[in-house]
**Student:** 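The structure that follows is given in the form of structure tokens.
Any value given below was found using the heavy atoms of this structure, including those in side chains, with hydrogens, waters and symmetry copies removed. Proteins come first, then strands; the chains are lettered A, B, ... in the order of their sequence lines, and each starts at number 1.
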Amino acid sequence: MTLRVLNTLSGEREAFEPADPDDVLLYYCGLTVSDDPHLGHARTWVHVDTIHRWLEHLGYGVRHVENITDVNEKIVARVGERGDDGTLGDDEREVAATFIDRLLSDMRSLNLRRAEVYPRVTEHVPEIIDLVETLVEEGYAYESDGSVYFDVTEFPEYGKLSNQRLDDVEAQGPADERAEKRNAADFALWKAGGVDAAAVEEHRDDDRDYEAGSPTGETWESPWGEGRPGWHIECSAMSTTHLGETLDIHMGGRDLVFPHHENEIAQSEAATGEPFARYWLHADLFEMDDEKMSSSLGNFIPVHEAVDRFGTDPLRMFFLSASYNSTQTYSDAAIEEAIERWERLETAHDRATDALASPDARTTADSALGDRADEAREAFTGAMNDDFNTREALAALFDLAGAVNSHLDDADAHDYRGLRAAVETFEDLGGGVMGFDFDGDADGRATLADELVELVLEVREEERAAGNYERADALRDDLEALGVEVQDTDDGPTYSL
RNA sequence: GCCAAGGUGGCAGAGUCUGGCCUUACGCGGCGGCCUGCAGAGCCGCUAUACGCCGGUUCAAAUCCGGCCCUUGGCUCCA
């Protein structure tokens with residue numbers, strides 16, 4: 001069974017064949033760091049992460065790069081803005097650094113595999129200038145009043161990713177560029193000068209305090225004078241620098257297909273003469289109230305807030321319960337469902353793990369549980385290989401969870417080999433591939449809190465044994481008030497935070 | 001206007017490429033039962049018999065073809 005992926009370029013599911021299976025080149029179009037990451041970003045991250053993990057599970061070696069765009073008008077607009085403690089930064093780089101810290105911290109909190117490198121625009125300006133020069137020399141780009149534009153009419157395949165015909169692309173880029181361009185659809189590779197005050201003002205928020213007046217942003221010396229890189233060029237320069245001319249997989253949000261990714265293809269393929277990416281995968285968008293969740297609309301929930309409120313595993317469950325290439329909508333009910341789903345999966349895993357650790361593991365029985373684990377693996381694999389169908393892959397784990405629970409409820413003697421196979425399946429596929437953390441906060445080491453809770457539970461057990469249920473229930477209620485949830489089972493009480 | 005994605009049972013969400021009992025997926029919710037001192041978790045059963053609308057092709061369509069309606073995204077910045 002081989003992996004098939006939906007390639008935006010062809011619009012079809014294709015067999016995945018990387019140039020070098022030991023070195024799958026994965027590039028993810030990351031964020032512009034002008035605000036806190038929100039759930040829409042998180043959703044894409046979790047899917048990219050799961051795809052990365054699945055490729056490794058299949059035995060591929062993966063080289064994974066995610067860019068960070070740290071040169072942007074919206075970043076400049078936040079220079080001098082008062083945050084919770086001091087300003088966000090006193091210049092463009094400092095503001096970017098603030099948000100990069102939050103970005104990386106948010107990513108860690110979602111249990112994402114780290115990329116090999118997170119290249120930044122400010123660290124690749126020489127490569128960007130080289131690339132622009134090449135494009136000018138080859139006749140694909142031209143200088144105009146200190147700025148450089150890509151001439152879309154020089155690239156016959158322009159529009160192949162988004163199915164746009166040049167005649168239909170009326171104009172591209174902000175209005176102030178129009179007069180300098182040969183064709184309305186041409187786009188900027190290099191922009192003369194800094195950011196003008198009007199643009200900064202436009203992105204500023206009246207409700208916020210700013211210390212600085214109108215910063216202009218950083219500029220760099222170039223063959224065309226002082227200026228800044230255009231929006232699209234950085235991805236071409238950075239992906240080539242770190243992964244080479246032809247990527248295996250290029251991922252990003254669907255909102256980037258046009259013009260961003262279309263322009264990346266034009267720049268890169270014009271410069272190298274090689275295909276830019278073999279497979280283009282696009283994550284569909286995350287909506288809130290029938291509208292895209294986005295920083296500019298202001299309708300977003302920051303990642304850190306959601307992680308605090310719901311936890312990492314429920315959030316991953318939420319995102320993975322829909323496929324990456326369909327839209328997903330935020331609602332409290334949907335989050336609630338994800339929490340329940342996660343708890344069901346975790347409960348089955350924990351029950352099986354506890355049974356394996358119990359002293360009764362001496363007597364053993366045969367059952368179909370081992371076969372059910374095999375079936376789950378097979379179904380999971382089939383689903384993931386079909387363009388990463390995470391919802392269906394999860395269904396395989398839930399089927400196994402049901403089998404585990406039935407077995408533990410029904411059988412007098414347990415099938416320890418089967419239970420072990422089930423636990424391994426949960427941990428390999430749910431843990432390793434889906435990124436769930438079944439060990440939770442236990443973390444293998446008992447804290448003082450754990451020991452105190454155990455102590456209280458011992459007392460409560462004595463009260464229960466003596467029939468003092470009121471006292472026992474009161475202890476349970478008190479623990480719950482402290483955030484400790486107690487459950488009585490056949491093997492004694494268990495608790496979770 | 002042009003391009004793209006999508007409209008599935010109370011909710012959520014697979015299945016559509018590779019037509020066929022579709023699987024009444026998986027799950028959440030609701031109802032009943034079992035278990036339990038109670039609660040929770042779990043188990044069993046029930047509940048929904050759906051596929052935007054109108055035509056067509058076919059022995060057979062959620063799945064193929066045509067038309068229409070609606071939603072979302074892109075063509076300023078954007079995962």
Side-chain angles (χ1 to χ4, degrees), chain A residues 4 6 8 11-13 28-32 34-35 37-45 47-48 69 72-74 159 161-165 167-175 185 199 202-203 231 251-260 262 282-287 290-297 317-318 321-323 325-329 331 333-334 336-341 343-345 347-348 350-351 379 383 386-387 389-399 401-402 404-410 464 467 469-470 472-473 476-477 480 485-490 493-494:
Chain A
R4 298 197 317 152
L6 178 62
T8 307
E12 291 175 359
R13 288 181 211 184
Y28 164 63
C29 236
L31 301 207
T32 299
S34 61
D35 211 333
H38 56 67
L39 282 185
H41 302 124
R43 164 177 149 89
T44 305
W45 297 345
H47 279 290
V48 170
T69 299
N72 183 281
E73 296 173 0
K74 286 160 79 173
L161 182 70
S162 57
N163 281 306
Q164 305 267 355
R165 291 179 21 200
D167 299 344
D168 296 328
V169 181
E170 292 180 355
Q172 186 172 169
E202 199 173 316
H203 289 298
W231 172 33
M251 289 200 68
R254 180 151 326 269
D255 51 352
L256 296 181
V257 172
F258 188 88
H260 187 53
E262 194 68 71
H282 286 101
D284 224 308
L285 301 179
F286 191 65
E287 297 179 349
D290 283 339
E291 195 174 53
K292 175 171 92 160
M293 179 176 283
S294 80
S295 308
S296 42
L297 291 171
M317 178 63 81
F318 175 54
S321 292
S323 19
N325 60 21
S326 66
T327 54
Q328 186 174 23
T329 305
S331 74
E336 198 55 43
E337 177 189 338
I339 293 170
E340 296 300 322
R341 276 163 70 80
E343 285 180 356
R344 176 168 167 77
L345 195 59
T347 297
D350 290 353
R351 290 187 71 194
D386 186 15
D387 195 33
N389 189 333
T390 49
R391 174 78 178 211
E392 209 167 90
L394 282 168
L397 296 185
F398 281 112
D399 284 339
V404 165
N405 285 327
S406 294
H407 175 71
L408 291 176
D409 282 358
D410 297 345
R464 288 182 70 205
Y469 293 121
E470 275 182 32
D473 288 350
R476 183 170 61 191
D477 292 344
E480 186 159 354
E485 192 176 322
V486 177
Q487 288 183 17
D488 294 317
T489 73
D490 293 344
T494 63

**Student:** Which of these, Q164(A), H282(A), E262(A), sits in a side-chain contact (heavy atoms from CB on, under 4.5 Å) with V257(A)?
**Tutor:**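 For V257(A), the side-chain contact (heavy atoms from CB on, under 4.5 Å) test succeeds with only one of Q164(A), H282(A), E262(A), which is H282(A).
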**Student:** Figure out the CG/C1' separation between D168(A) and C3(B), and round it to whole Å.
**Tutor:**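 It is 8 Å, rounded to the nearest whole Å.
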**Student:** Base, sugar-phosphate or nothing for A171(A)? Non-hydrogen atoms, less than 4.0 Å.
**Tutor:**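 Sugar-phosphate only.
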**Student:** Out of C2(B), A14(B), G73(B), which has the shortest distance to the side chain of A322(A)?
**Tutor:**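 Closest nucleotide among those given: A14(B).
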**Student:** For C77(B), does OP1 or OP2 lie under 4.0 Å from any side-chain N or O of S294(A)?
**Tutor:**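 Negative; the distance criterion is not met.
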**Student:** Choosing from C3(B), C26(B), A79(B), which nucleotide comes nearest the side chain of D399(A)?
**Tutor:**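 That would be C26(B).
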**Student:** Going 5' to 3' through nucleotides 39-45 of chain B, assign each nucleotide B (protein heavy atom under 4.0 Å from a base atom), S (under 4.0 Å only from sugar-phosphate atoms) or - (no protein heavy atom that close).
**Tutor:** BBSBSS-
**Student:** Which part of the nucleic acid does S323(A) contact within heavy-atom distance under 4.0 Å: base, sugar-phosphate only, or nothing?
**Tutor:**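 The residue S323(A) makes sugar-phosphate contact but no base contact.
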**Student:** With a non-hydrogen cut-off below 4.0 angstrom, is M293(A) in contact with a base, only sugar-phosphate, or nothing?
**Tutor:**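 Base contact - M293(A) has a heavy atom under 4.0 Å of at least one base atom.
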**Student:** Side chain of N389(A): nearest nucleotide among C38(B), A79(B), A14(B)?
**Tutor:**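 Of all the options, the side chain of N389(A) is nearest to A14(B).
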**Student:** Could you measure between the two P atoms, the one in G55(B) and the one in A61(B), and give it in whole Å?
**Tutor:**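 So the two P atoms sit 14 Å from each other.
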**Student:** Within the 4.0 Å heavy-atom criterion, would you say N163(A) contacts the bases, only the backbone, or no part of the nucleic acid?
**Tutor:**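 Here N163(A) touches the backbone only, sparing every base.
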**Student:** For A348(A), give me all partners under side-chain contact (heavy atoms from CB on, under 4.5 Å), at least two apart in sequence or on another chain.
**Tutor:**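 Per chain and number, A348(A) pairs via side-chain contact (heavy atoms from CB on, under 4.5 Å) with A401(A), N405(A), F426(A).
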**Student:** Looking at G27(B), C3(B), G73(B), which one has an atom nearest to any side-chain atom of R391(A)?
**Tutor:**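 The answer is G27(B).
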**Student:** Give a yes/no verdict on base stacking between G37(B) and Y469(A): centres under 5.5 Å, planes within less than 30° of parallel.
**Tutor:**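 Yes, the aromatic ring of Y469(A) stacks with the base.
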**Student:** Distance between the P atoms of C46(B) and C51(B), in whole angstroms?
**Tutor:**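 My reading of the P atoms in C46(B) and C51(B) gives 22 Å.
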**Student:** Would you say the side chain of F398(A) lies within less than 4.5 Å of the side chain of L345(A), judging by non-hydrogen atoms?
**Tutor:**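 Yes, close enough: below the 4.5 Å cut-off.
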**Student:** How many Å lie between CG on L285(A) and C1' on U71(B), as a whole number?
**Tutor:**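 Nearest whole value for this atom pair: 14 Å.
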**Student:** Between F258(A) and Q172(A), is there a side-chain heavy-atom distance shorter than 4.5 Å?
**Tutor:**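 Yes, close enough: below the 4.5 Å cut-off.
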**Student:** D386(A) CG to C26(B) P: how many Å, rounded?
**Tutor:**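 That distance rounds to 18 Å.
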**Student:** Taking ring pair (Phe, Tyr, Trp, His ring centres under 6.0 Å) as the definition, give me every residue that meets it alongside H260(A), ordered by chain and number, with sequence neighbours left out.
**Tutor:**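 Scan of H260(A) (ring pair (Phe, Tyr, Trp, His ring centres under 6.0 Å), adjacent residues dropped) gives W231(A), H232(A).
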**Student:** Of all the nucleotides listed (A25(B), G13(B), G27(B)), which has the minimum atom distance to the side chain of F398(A)?
**Tutor:**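 Looking only at side-chain atoms, F398(A) lies closest to G27(B).
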**Student:** With the side chain of S296(A) defined as its heavy atoms from C-beta on, choose the nearest nucleotide among C17(B), A14(B), C77(B).
**Tutor:**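 Comparing C17(B), A14(B), C77(B) against the side chain of S296(A), the answer is C77(B).
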**Student:** Answer with base, sugar-phosphate or nothing: what part of the nucleic acid does S34(A) contact at a heavy-atom distance below 4.0 Å?
**Tutor:**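 No contact.
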**Student:** Provide the distance between the two C1' atoms, one in U16(B) and one in C34(B), to the nearest whole Å.
**Tutor:**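 40 Å, rounded to whole Å.
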**Student:** Is there side-chain contact between L6(A) and E12(A), with at least one heavy-atom pair below 4.5 Å?
**Tutor:**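 No, their side chains stay 4.5 Å or more apart.
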**Student:** In whole angstrom, give the distance that lies between atom NE2 of H260(A) and atom P of C75(B).
**Tutor:**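 So the NE2-P distance, H260(A) to C75(B), works out to 12 Å.
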**Student:** Of G252(A) and Q172(A), whose nearest nucleotide on RNA chain B comes first from the 5' end?
**Tutor:**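 In this pair, the answer is Q172(A).
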**Student:** CZ of R254(A) versus P of C75(B): gap in Å, rounded?
**Tutor:**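 Result: 14 Å.
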**Student:** Between G10(B) and U49(B), how far is it from one C1' atom to the other, in whole Å?
**Tutor:**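 Approximately 15 Å lies between the C1' atom of G10(B) and that of U49(B).
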**Student:** If I take atom CD1 in residue I339(A) and atom C1' in nucleotide G29(B), what distance separates them, rounded to the nearest angstrom?
**Tutor:**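 The answer, rounded to whole Å, is 15 Å.
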**Student:** NA contact type, F286(A), heavy-atom cut-off 4.0 Å: base, sugar-phosphate, or nothing?
**Tutor:**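 Base contact.
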**Student:** If you measure from the P atom in A50(B) to the same atom in U8(B), how many Å do you get, rounded?
**Tutor:**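 It comes out at 14 Å once rounded to the nearest Å.
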**Student:** Phosphate oxygens OP1/OP2 of A79(B): is one of them under 4.0 Å from a side-chain N or O of T32(A)?
**Tutor:**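 For A79(B), OP1/OP2 do have a side-chain N/O of T32(A) under 4.0 Å.
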**Student:** List the residues meeting salt bridge (Lys or Arg N to Asp or Glu O under 4.0 Å) with D386(A), not counting sequence neighbours, and say none if there are none.
**Tutor:**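 For D386(A), the residues satisfying salt bridge (Lys or Arg N to Asp or Glu O under 4.0 Å) (neighbours in sequence not counted) are R13(A).
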**Student:** Return the nearest nucleotide to the side chain of K74(A); candidates are C77(B), A79(B), C17(B).
**Tutor:**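 The closest nucleotide is C77(B).
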**Student:** Let me know, please, whether H41(A) or A396(A) comes out on the 5' side of the other along RNA chain B by nearest nucleotide.
**Tutor:**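 Closer to the 5' end of RNA chain B: A396(A).
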**Student:** Taking salt bridge (Lys or Arg N to Asp or Glu O under 4.0 Å) as the test, write out the residues that go with R341(A), two or more places apart.
**Tutor:**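 Result, salt bridge (Lys or Arg N to Asp or Glu O under 4.0 Å) vs R341(A): none returned.
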**Student:** So, applying side-chain contact (heavy atoms from CB on, under 4.5 Å) with E340(A), which one of R344(A), E343(A), E337(A) is it?
**Tutor:**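 Among R344(A), E343(A), E337(A), the one meeting side-chain contact (heavy atoms from CB on, under 4.5 Å) with E340(A) is E343(A).
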**Student:** Between G20(B) and C64(B), how far apart are the two P atoms, rounded to whole Å?
**Tutor:**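 It works out to 11 Å between them.
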**Student:** List for me each residue that meets salt bridge (Lys or Arg N to Asp or Glu O under 4.0 Å) alongside K74(A), sequence neighbours excluded, and say none if there are none.
**Tutor:**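 Not a single residue meets the salt bridge (Lys or Arg N to Asp or Glu O under 4.0 Å) criterion with K74(A).
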**Student:** Output the rounded distance in Å from CG (D284(A)) to P (G13(B)).
**Tutor:**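 Distance check: D284(A) CG to G13(B) P gives 12 Å.
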**Student:** For G11(A), answer base if it contacts any base atom (sugar-phosphate contacts may also be present), sugar-phosphate if it contacts only those atoms, and nothing otherwise; contact means non-hydrogen atoms under 4.0 Å.
**Tutor:**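 No contact.
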**Student:** Rounded to whole angstrom, note down the C1' distance from G19(B) over to A62(B).
**Tutor:**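 These two C1' atoms come out 10 Å apart once rounded.
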**Student:** Which one, G73(B), C3(B), U76(B), comes nearest to the side chain of E291(A)?
**Tutor:**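 The listed nucleotide nearest to E291(A)'s side chain is G73(B).
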**Student:** Using atom C1' in both nucleotides, what's the gap between A14(B) and C31(B) to the nearest angstrom?
**Tutor:**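 It comes out at 26 Å once rounded to the nearest Å.
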**Student:** With a 3.5 Å distance limit and no angle check, can you tell me whether R254(A) reaches the backbone of D284(A) through a side-chain donor-acceptor pair?
**Tutor:**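 Side chain of R254(A) to backbone of D284(A): no pair is present.
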**Student:** Taking only residues two or more places apart in sequence or in another chain, which ones pass salt bridge (Lys or Arg N to Asp or Glu O under 4.0 Å) with D350(A)?
**Tutor:**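 Partners of D350(A) under the salt bridge (Lys or Arg N to Asp or Glu O under 4.0 Å) test: none.
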**Student:** Once you apply a heavy-atom cut-off of 4.0 Å, does D167(A) come out as touching a base, just sugar-phosphate, or nothing?
**Tutor:**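 No contact.
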**Student:** For RNA chain B, what is the dot-bracket line, given that a base pair needs Watson-Crick (N1 to N3, plus N6-O4 or O6-N4) or G-U wobble (N1-O2 and O6-N3) geometry with both distances under 3.5 Å, and | means paired with another strand?
**Tutor:** ((((((((.[[...)....(......]]((((((.......))))))....[[[[[..)....]]]]])))))))....
**Student:** Any side-chain N or O of K292(A) under 4.0 Å from OP1/OP2 of G74(B)?
**Tutor:**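 Checking G74(B) against K292(A), a side-chain N or O does come within under 4.0 Å of OP1 or OP2.
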**Student:** Specify the separation, in whole Å, of atom CG of L161(A) and atom P of G73(B).
**Tutor:**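 So the two atoms are 20 Å apart, to the nearest Å.
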**Student:** Taking side-chain contact (heavy atoms from CB on, under 4.5 Å) as the definition, give me every residue that meets it alongside E480(A), ordered by chain and number, with sequence neighbours left out.
**Tutor:**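 So E480(A) forms no side-chain contact (heavy atoms from CB on, under 4.5 Å) with any residue.
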